Amino acid sequence: MEFKNLSLLELEDLVKTGKATYEEIYAYFLDRAKKYNEELHVFNTLPIEGKSTWLPIAVKDIFCETWVRTTAASKMLGDFVPPYESTVTERMKQAGYVSFGKTNMDEFAMGSSGENSALGPTKNPWDPARVPGWSSSGSAVTVASGLAPAALGTDT
């Protein structure tokens, strides 16, 4: 089943009615993330392998998660693994969603094109010659290209 154009509410309804499982949905998006990440460079840290009992949401690489690499798209933080959780990801998880990788962004969220990541630019899925735009480019492209049903970003 194709899940890429469905909202979180529609996906949740599929699970509740027994037409899909959380594991199937997670695996579907994980396969797409692996398949298209090299081309689009949306994830600085790919989603982890494994089963999920929640729906996946991609997380902008500026939000810290306990023991999950968080770079803010900077080489300076390339190996930073925080021992604490950001409020936004904590609340996301409390609401019943699972973190689905760390999305690329302009370094330290300072930029407006998606080209200023020290880890490489995010590509526009519809026209690679054009910029995807704004510091949350990885989150936007993740959803636009169907690599996750939703993503956290910021308005910087």
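This structure is a prediction, so every number in the text was calculated from the model and none was measured.
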Open item on the list: What I'd like to find out is whether the side chain of Glu12 reaches to under 4.5 Å of the side chain of Tyr22, using heavy atoms alone.
Closed with: yes

Open item on the list: With side chain to side chain contact (heavy atoms under 4.5 Å, CB included) as the criterion, how do Glu23 and Thr53 come out once you've worked through the C-alpha distance, each side chain's angles and the decisive distance to 0.1 Å?
Closed with: CA-CA 7 Å; Glu23 293 84 5; Thr53 57; 4.0 Å; yes

TODO: Using a cut-off of 6.0 Å, state whether more than 12 heavy atoms not belonging to Asp127 lie near its atom CG.
DONE: yes

Open item on the list: Are there over 12 heavy-atom neighbours, none belonging to Leu46, within less than 6.0 Å of that residue's CG?
Closed with: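 Yes, CG of Leu46 has more than 12 neighbouring heavy atoms, counting only those of other groups under 6.0 Å.
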
Can a side-chain donor-acceptor contact be found between [Y] and [X] if the only test is distance below 3.5 angstrom?
| X | Y | result |
| --- | --- | --- |
| Ser145 | Lys4 | no |
| Tyr84 | Glu65 | no |
| Thr71 | Lys102 | no |

TODO: Using the six-membered ring wherever Trp is involved, compare the ring planes of Phe100 and Phe29 and label them parallel, tilted or perpendicular (cut-offs 30° and 60°).
DONE: perpendicular

TODO: Could you tell me whether the side chain of Glu24 and the main chain of Thr21 form a donor-acceptor pair under 3.5 Å?
DONE: yes

Task: Donor-acceptor contact present, side-chain Asn116 to main-chain Glu107, <3.5 Å - done: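 Such a contact is absent between Asn116 side chain and Glu107 backbone.
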
TODO: Kindly work out whether a path of hydrophobic side-chain contacts (I/L/V/M/F/W/Y, heavy atoms less than 4.5 Å apart) joins Trp134 to Leu152.
DONE: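 No, it is not one cluster - the side chains of Trp134 and Leu152 are not joined through contacts under 4.5 Å.
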
Open item on the list: Would a single hydrophobic cluster contain both Ile25 and Leu8, if residues Ile, Leu, Val, Met, Phe, Trp and Tyr are joined by side-chain heavy-atom contacts under 4.5 Å?
Closed with: yes

- [ ] Please name the residue in the list Ser136, Ser139, Ser137 that meets the side-chain hydrogen bond (donor to acceptor under 3.5 Å, both in side chains) test with Thr103.
- [x]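 Passing option: Ser139.
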
Open item on the list: Under 4.0 Å between a side-chain nitrogen and a carboxylate oxygen: does that hold for Glu85 and Lys93?
Closed with: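 The answer is yes: the pair qualifies as a salt bridge.
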
TODO: Using side-chain contact (heavy atoms from CB on, under 4.5 Å) as the criterion, point out the one residue from Val143, Asn104, Asn37 that pairs with Val42.
DONE: Asn37

